[in-house]
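Below is one structure, written out as structure tokens; comments come after it.
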Amino acid sequence: MTHIEFIDQTLRDGQQSLWGMRMQAGMALPVAPLIDQIGYRVVDLTGSSMFEVLIKYCREDPWQGVELLTSAMPNSRVRAGLRSNACVTFSITPDALMDTWVRRLAAHGIRSFWIYDVLFNIDKMHRLAKVAKESDAEVAGAINFSLSPVHTDEYYGQRAAELSASDDVDTLLIYDTAGCLKPERVGSLVDAVRANGRGKPIELHSHNVTGLSTLTYLEAVRHGVTILHTASRPLANGPSMPSTEILLRNLKLLGYRSILNEALMAKVADHFARIARTYNLKLGVPNEFDLSAYEHQIPGGMTGTLLNQLKQHNMSERLDDVLHETAIVRKELGYPGMMTPFSQLVGVLAVMNIITGKRYSVIPDEVIQYALGYYGKTVAPIEPHVMEAIEAAPRFRDIQAHPPENPSLEEIRRQHGGVDDDELLLRALVPASDIEAMRNAGPIKQNFPTLSSLELDFARELMTLQQSRYVQLQSGELSVSFAR
Amino acid sequence: MAHIEIIDQTIRDGNQSLWGMRMQAGMALPVAPLMDRAGYSVVDFVGSSMFEVMVRHAREDPWEGLDLIVRALPNTRVRAGMRCHGIITMSVTPNDLMDLWVRRLCAHGVRSFWIHDPLHCNLDKLHRLAKVAKEYDAEVVLALMYSVSPVHTDGFYANAAARLSASADVDRLILYDMGGIMVPERIKTLVPAILENCNGKPIEVHSHNVTGLAPLVYLEAINQGLNIIHTCARPLANGSSLPSIEMTLRNLKLAGHTYGIDSTVLAPISEHFERVARTAGFQIGVPNEYDLWMYEHQVPGGMTGTLKNQLAQHGMEERLDEVLQETANVRRELGYPAMATPFSQLVGVLAVMNVVTGKRYASIPDEVIQYAYGWYGAPVAPIDPAIMDRIDSHPRAKDFRNSQPPNPSLSEIRKQYGNVSDDELILRFLVAEHHIDAMRAAGPVRRDYPVLQDPTLEKVRQIMTASTAKHLMLATEDFKLELRR
């Protein structure tokens with residue numbers, strides 16, 4: 001039977017979905033040599049949002065981290081991901097800077113890229129693929145999956161035909177951020193993509209939000225998908241992808257083959273479970289089936305963000321209203337796929353509509369830019385009454401008069417003064433003050449000690465919990481005393 | 001869109017699937033008044049195994065526990081369940097004792113029964129017990145035990161539905177998926193087949209969320225016209241248990257259905273059981289990853305743990321997958337009995353013995369021989385001839401061949417147990433007398449179960465349990481911890 005390959009998402013989307021991108025290089029380094037030997041087709045590692053989080057919150061140099069990890073995995077193709085027209089900000093990044101981003105990632109050891117664009121600006125995707133090919137990197141062209149009347153199998157078949165037309169695109173990646181790709185849909189979708197994919201291998205990436213992704217993967221494999229995105233069990237499930245462990249088990253039962261080293265997988269899983277427990281990070285558990293995932297299609301992590309925004313206005317009980325409003329806003333905006341930046345824009349609008357009680361009374365700049373086509377062509381027309389509200393927004397004229405600039409690399413370099421390209425990219429991502437604080441924090445931490453015994457684990461928690469200076473407790477034959 | 005009736009399984013099957021039936025009455029009593037207000041049509045609670053566990057392990061009088069729970073649920077029907085031909089033991093229980101069990105449960109306030117026969121053939125026993133329950137006007141629900149095999153077709157269940165529902169003493173049927181192996185696609189053909197043959201009686205659905213698909217099974221069952229489902233409070237739901245009431249209500253609402261549940265009481269109920277679980281060290285239910293393997297062996301959730309323990313006794317834990325595979329083989333060879341008590345255990349024990357000894361069917365339990373000779377009724381498919389030969393040539397075969405299970409009358413049974421009350425008689429039938437003595441010595445049933453509220457105390461308790469060293473000292477910059485024994 002067919003041979004199935006795996007792309008490891010433990011270090012990238014697993015931790016993005018469950019740890020809020022707080023995995024530092026030193027948390028993965030001790031097991032990187034093991035991951036290198038497991039037999040993954042590709043190990044996904046980074047993206048521009050991770051760069052931002054590492055600098056701002058972990059005070060860690062992401063370039064250094066990428067280098068440490070790629071050198072620790074000499075036998076693996078390491079992947080980075082990018083949106084075709086932006087890094088980090090919700091707005092639009094100049095082409096020259098995007099190209100530099102790809103070149104510098106390649107210079108630091110990245111040899112695989114997945115490139116996505118919710119609105120399918122195919123020209124931009126192909127340009128970046130060509131840049132990646134300068135370093136002989138592999139390119140996966142992403143087909144982001146979304147539920148709407150316009151996102152039909154035919155629609156995706158056409159996108160597959162366009163994407164696969166370039167020789168620089170090696171694989172097609174069906175990418176289901178919201179976990180709303182059902183087992184009963186995936187068959188016809190894969191058929192449509194395959195029929196138009198010029199024989200290029202198809203990857204599947206689906207978040208296990210409803211608990212059904214494993215079934216979706218198995219059905220996809222029956223229809224010819226050969227590359228699956230999974231994560232080590234502690235970083236799998238819930239808002240993350242299915243675990244590599246359960247996929248292997250199920251595929252074996254169905255008679256498929258794979259070459260992964262399961263003994264090493266167990267060691268890696270054990271390491272990340274200990275890291276999670278020691279540093280109070282979340283361990284992935286499967287979700288109970290939830291129909292609402294199909295309604296709002298909000299990516300896993302975003303529900304928490306929405307809840308926080310509502311809490312700031314003392315309206316946390318209205319989360320369900322916001323989720324419902326999200327579905328309506330998305331429809332009115334012409335069904336953008338619920339991925340960055342549109343998931344955030346739709347979410348913010350939904351929150352504002354509920355909080356103010358007046359729909360579209362507040363309109364963020366990026367929504368105006370979207371309506372003006374700055375991100376590309378919308379997949380369906382924006383509804384007329386919403387378009388009117390956008391055109392009536394105070395900022396509309398100004399934004400219309402100033403379409404995004406597309407400066408050359410020389411111009412951008414001049415703007416940032418004589419810094420090297422790595423530094424230039426960091427400055428494009430975060431304020432200089434954050435970079436400075438990162439530098440002040442010293443060299444990158446290469447190891448994160450984990451507590452190894454139950455007793456130590458509890459003791460550590462006690463130390464955190466215990467506030468008073470001295471406590472003594474006695475039970476039967478054991479006495480415990482605490483002194484500060 | 002449908003109006004959905006909910007039956008609560010928190011303190012019965014949730015407890016059975018996740019807590020090994022160790023829930024004491026005092027663990028549920030503090031929230032029983034909330035459960036009474038929730039709007040469940042029925043709260044399932046009692047089974048004979050749970051009686052046994054309460055006496056032997058919790059040293060708690062289960063009759064007293066039952067009275068306390070029934071009194072705390074004045075507005076809700078309390079349910080008990082039983083196999084039509086047996087309580088507790090794997091073997092066959094005399095009819096009069098089964099009838100007495102139903103009557104005594106009714107006397108203690110039970111007003112709903114679900115009764116099953118894994119072979120779906122003992123109509124006389126099923127309908128006799130239904131009649132006894134009707135003496136007290138209790139509700140009677142007979143079970144269609146879901147199983148996957150070449151014989152367990154839609155036609156098989158349609159036929160069983162027709163026969164089971166034929167008695168006027170039967171109020172409802174229940175489609176009972178103990179292994180969590182039901183899938184939404186099967187519901188589409190199975191439910192219409194049952195509905196056509198159930199004499200218009202309502203059908204309940206009970207599906208263990210072993211593969212994560214039970215919520216979809218429920219939604220599809222509702223699409224096919226059923227409207228009574230079984231759920232648990234979240235800490236006792238999922239994994240080898242049933243779907244949670246919390247998520248079920250959410251899905252029902254989104255699918256456009258209605259229900260009569262007061263959802264404001266659900267959070268305090270779940271919080272309470274979660275605290276009990278943490279304090280007592282019981283498992284809190286989490287959904288499983290989807291695992292095709294479940295469909296292969298059909299071993300009920302709780303049983304995998306038992307098999308693991310049995311293997312551990314022989315230092316062979318690593319051979320679990322082999323035992324599960326052997327379970328599927330043995331079940332086929334024995335004529336596909338549904339994997340419910342007693343057959344799930346019998347098949348499981350045989351599978352373990354076959355793997356551990358390395359010689360298949362080298363040892364055959366009495367109950368398997370009894371099964372082969374029809375003590376439990378006719379097998380749904382013939383036993384494999386090679387295996388039947390092994391059974392025929394077993395030294396114990398002559399004791400059970402051409403014979404019937406003993407069926408003494410109640411007066412004979414009473415004579416045997418001496419001058420005791422019927423409640424006591426049942427307890428003595430279920431467990432050894434010294435356990436009953438130990439239970440009495442332990443005093444009355446506790447009305448509550450103190451739960452630790454302070455997380456610090458909880459951690460200390462865990463350290464005390466976990467630490468085995470005589471002296472342990474830990475220090476950080478500003479903090480020192482010492483443990484002494």
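Order of the sequence lines fixes the chain letters, A, B, ..., with proteins taken first and strands second; residue numbering starts at 1 for each chain. For the numbers below, each heavy atom of this structure counts, side chains included, while hydrogens, waters and symmetry mates do not.
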Presence of salt bridge, A/Arg249 and B/Glu289, under 4.0 angstrom: no
Atom of B/Tyr290, atom of A/Asn250 and distance for their closest heavy-atom approach: O-ND2, 2.9 Å
Proximal component of A/Glu184, with respect to chain B [non-hydrogen, under 4.5 Å]: neither
Region of B/Asn209 that comes under 4.5 Å of a non-hydrogen atom in chain A: side chain
Side chain, backbone, both or neither of A/Asn237 within contact of chain B (heavy atoms, under 4.5 Å): side chain
Max heavy-atom pair count under 4.5 Å with chain B, selected residue of A/Asn287, A/Val285, A/Leu253, A/Leu215: A/Leu215
Interchain contact, B/Asn251 with chain A, by part (heavy-atom threshold 4.5 Å): both
Structural part of A/Asp320 lying under 4.5 Å from a heavy atom of chain B: side chain
Heavy-atom contact with chain A under 4.5 Å, split by part of B/Ala237: neither
Part of A/Leu212 lying under 4.5 Å from any heavy atom of chain B: side chain
Nearest non-hydrogen partners of A/Phe289 and B/Leu219, listed with the distance: CE2-CD1, 3.9 Å
Sidechain-backbone polar pair: A/Glu288 side chain, B/Ser244 backbone, donor-acceptor under 3.5 Å: yes
Interatomic spacing from NZ in B/Lys253 to OG in A/Ser292 - rounded to 0.5 Å: 11.0 Å
Heavy-atom neighbours of A/His223 NE2 exceed 12 at 6.0 Å: yes
Gap separating the CZ atom of B/Arg250 from the CG atom of A/Leu291, nearest 0.5 angstrom: 9.5 Å
Per-residue contact mode, A/Ser243 against chain B (heavy atom under 4.5 angstrom): both
A/Ile246 side, atom CD1; B/Asn288 side, atom CG - distance, nearest 0.5 Å: 8.5 Å
Exceeds 12 heavy-atom contacts within 6.0 angstrom, atom NZ of A/Lys282: no
Selection from B/Thr211, B/Leu213, B/Leu216, B/Val286 maximising heavy-atom pairs under 4.5 Å formed with chain A: B/Leu216
Between CG on residue B/Leu292 and NZ on residue A/Lys252, distance to nearest 0.5 Å: 13.0 Å
